[in-house]
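Notes follow once the structure below has been shown.
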Amino acid sequence: MKDSVRFLVEPRSKVKLRDVDPDYRGGHAKPEDAQEEIEHHAQRLRALQELLYAEHQRALLICLQAMDAGGKDGTINHVLGAMNPQGCKVVSFKQPSVVERDHDFLWRVHLQTPGKGEVGVFNRSYYEDVLVTRVHDLVPEKVWSKRYDQINDFEKMLAKNGTLLLKFFLYISKDEQLRRFKDRLDDPTKHWKISASDYTERERWDDYIGAFEAALSRCSTKHAPWFIIPANHKWFRNLAVSRIVVECLEGLNMKYPEPSVDFDQIRKAYHDAQREQLGNAVPGGSEGQG
Ligand code: ATP
Ligand code: MG
């Protein structure tokens with residue numbers, strides 16, 4: 001079964017995250033077993049991105065959401081690391097500014113979506129407006145509860161305008177999060193990643209799970225699917241996300257564009273130039289004769 005099917009949240013299904021195993025790692029016992037496949041997918045990603053860029057008809061938007069320490073940064077590093085930086089853009093969504101808060105929640109988002117030929121990655125996204133916002137009552141329920149439909153409408157519009165939208169929830173267990181927090185504490189080069197809010201947000205774990213389940217259930221659609229990626233094993237997470245992006249890009253059946261020039265004319269110009277070049281190189285050639 002393809003990963004784009006295995007990890008897909010079926011539209012209109014009711015997600016229960018306790019039924020998902022964040023430790024899942026497919027048929028591979030350890031990262032070395034998957035190495036060849038990881039490299040193969042990295043190469044495919046690069047080739048498909050070049051095709052997307054050359055075809056210039058569609059955009060790819062990858063949206064990443066996770067609990068703190070869920071691996072958004074590592075995933076971006078792996079997936080975009082395989083691609084040509086020209087044509088890729090990462091946008092990290094932080095707390096909205098005062099001006100942004102005075103607008104609708106999608107106002108700051110639309111301008112950041114990728115254009116034709118581009119790959120965009122959202123590191124967090126407008127889904128925060130039904131996640132952290134809901135968990136902390138940052139706006140009244142009557143405001144955030146309408147946002148699921150607004151998100152579906154927005155995503156449909158992007159899809160109809162040529163954006164392939166793939167949304168990944170990187171699912172780690174609560175134990176794994178604590179292990180990663182400890183790694184950060186033990187490693188001075190990772191201290192900069194620690195913030196006090198990581199621990200306070202952890203206390204709201206169950207509320208976040210509820211908010212994620214609602215978002216995944218209500219906003220996985222045919223045109224903008226959600227995938228739940230078992231993410232306790234970083235290498236499996238990278239492999240699964242890469243596989244899904246490859247499978248979905250391949251499904252677009254992209255083609256290199258037809259040349260916009262007359263090849264007979266270009267070939268003639270090339271031969272003329274070559275002849276002149278040869279003439280210049282030979283003593284008594286075209287220059288000497290002129
Ligand atoms: P890292 O994993 O490296 O810590 P991060 O994505 O957590 O990266 P931070 O700067 O630590 O980056 O956190 C960004 C914060 O911005 C998060 O707490 C997130 O919930 C918050 N945020 C993002 N969008 C919104 C929003 N629309 N409303 C309120 N808070 C938001
Ligand atoms: Mg953080």
Side-chain angles (χ1 to χ4, degrees), residues 22 61-81 89-113 120-152 154-155 167-174 176-216 218-219 229 231-232 234 237-238 241:
L61 175 55
I62 296 173
C63 182
L64 297 176
Q65 289 287 163
M67 298 287 196
D68 286 306
K72 292 179 276 93
D73 291 350
T75 307
I76 294 169
N77 218 338
H78 180 82
V79 174
L80 287 196
K89 181 164 104 166
V90 181
V91 185
S92 297
F93 286 95
K94 309 284 182 185
Q95 288 185 13
S97 67
V98 175
V99 176
E100 286 168 346
R101 268 202 300 269
D102 281 347
H103 291 78
D104 71 84
F105 73 108
L106 294 168
W107 181 74
R108 66 174 180 162
V109 177
H110 203 167
L111 204 62
Q112 304 287 3
T113 55
V121 177
F122 282 0
N123 181 357
R124 297 186 190 265
S125 66
Y126 44 93
Y127 278 94
E128 291 294 324
D129 295 283
V130 289
L131 293 167
V132 64
T133 303
R134 168 175 163 157
V135 168
H136 288 283
D137 297 317
L138 300 181
V139 298
E141 178 169 353
K142 72 174 193 323
V143 176
W144 61 251
S145 60
K146 292 193 188 114
R147 290 181 173 167
Y148 300 98
D149 288 341
Q150 291 165 355
I151 286 175
N152 287 339
F154 175 65
E155 292 179 341
K167 303 174 296 191
F168 297 95
F169 171 51
L170 311 177
Y171 181 41
I172 56 166
S173 62
K174 206 174 172 187
E176 177 63 18
Q177 187 191 52
L178 200 59
R179 269 193 292 278
R180 293 186 187 184
F181 283 176
K182 182 167 186 315
D183 286 348
R184 290 179 179 184
L185 270 176
D186 291 346
D187 180 352
T189 67
K190 290 188 179 164
H191 284 177
W192 64 274
K193 285 194 163 197
I194 300 172
S195 71
S197 75
D198 291 348
Y199 291 87
T200 51
E201 293 311 286
R202 181 177 163 80
E203 288 168 14
R204 311 295 299 268
W205 181 275
D206 291 342
D207 297 332
Y208 272 104
I209 291 290
F212 269 113
E213 287 177 340
L216 295 164
R218 295 193 57 181
C219 299
I229 305 297
N232 274 3
K234 296 174 181 175
R237 170 203 74 202
N238 290 343
V241 173

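Both counts, for ligands and for their atoms, begin at 1 and track the order of listing.
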Report task. Look at the rings of Tyr148 and Trp144 and say which category their plane angle falls in: under 30° parallel, 30 to 60° tilted, over 60° perpendicular. Result -> perpendicular
Query raised in the report: So, is Asp129 polar-close to ligand 1, with some N/O to N/O distance under 3.5 Å?
Result: yes
Query - Distance-only N or O hit between ligand 1 and Gln95, under 3.5 Å - result: yes
Query raised in the report: Which ligand 1 atoms are under 4.0 Å away from a heavy-atom of Asp68?
Result: 7 (O)
Query raised in the report: Given Lys94, Arg124, Glu201, which one has a non-hydrogen atom that is nearest to atom 18 (O) of ligand 1?
Result: Arg124
Query raised in the report: Near Asp73, which atoms of ligand 1 are under 4.0 Å from a heavy atom of that residue?
Result: 3 (O)
Query raised in the report: Parallel, tilted or perpendicular: which fits the ring planes of Phe93 and Phe122, with parallel below 30° and perpendicular above 60°?
Result: perpendicular
Query raised in the report: Does a donor on one side chain sit under 3.5 Å from an acceptor on the other, for Glu155 and Tyr126?
Result: yes
Query raised in the report: Given Glu100, Glu128, Gln65, which one has a non-hydrogen atom that is nearest to atom 19 (C) of ligand 1?
Result: Glu128
Query raised in the report: Has Lys72 got any heavy atom lying under 4.0 angstrom from an atom of ligand 1?
Result: yes
Report task. Considering only NZ, NE, NH1 and NH2 on the basic side and carboxylate oxygens on the acidic side, decide whether Arg180 and Asp187 come within less than 4.0 Å. Result -> no
Query raised in the report: Nearest non-hydrogen atom to atom 30 (N) of ligand 1 belongs to which of Val132, Asp198, Thr133?
Result: Val132
Query raised in the report: Is Arg204 paired with Glu201 through a side-chain N to carboxylate O contact shorter than 4.0 Å?
Result: no
Query raised in the report: Looking at Phe169 versus Tyr127, is the centre-to-centre ring distance below 6.0 Å?
Result: no
Query raised in the report: Does Pro96 have a heavy atom less than 4.0 Å from any atom of ligand 1?
Result: yes
Requested in this report: Pull out every atom of ligand 1 sitting under 4.0 Å from any heavy atom of Arg108, numbered as shown with elements.
Outcome: 24 (N), 25 (C), 26 (C), 27 (N)
Query raised in the report: Looking just at side-chain N and O atoms, do Glu128 and Gln95 make a donor-acceptor pair shorter than 3.5 Å?
Result: no
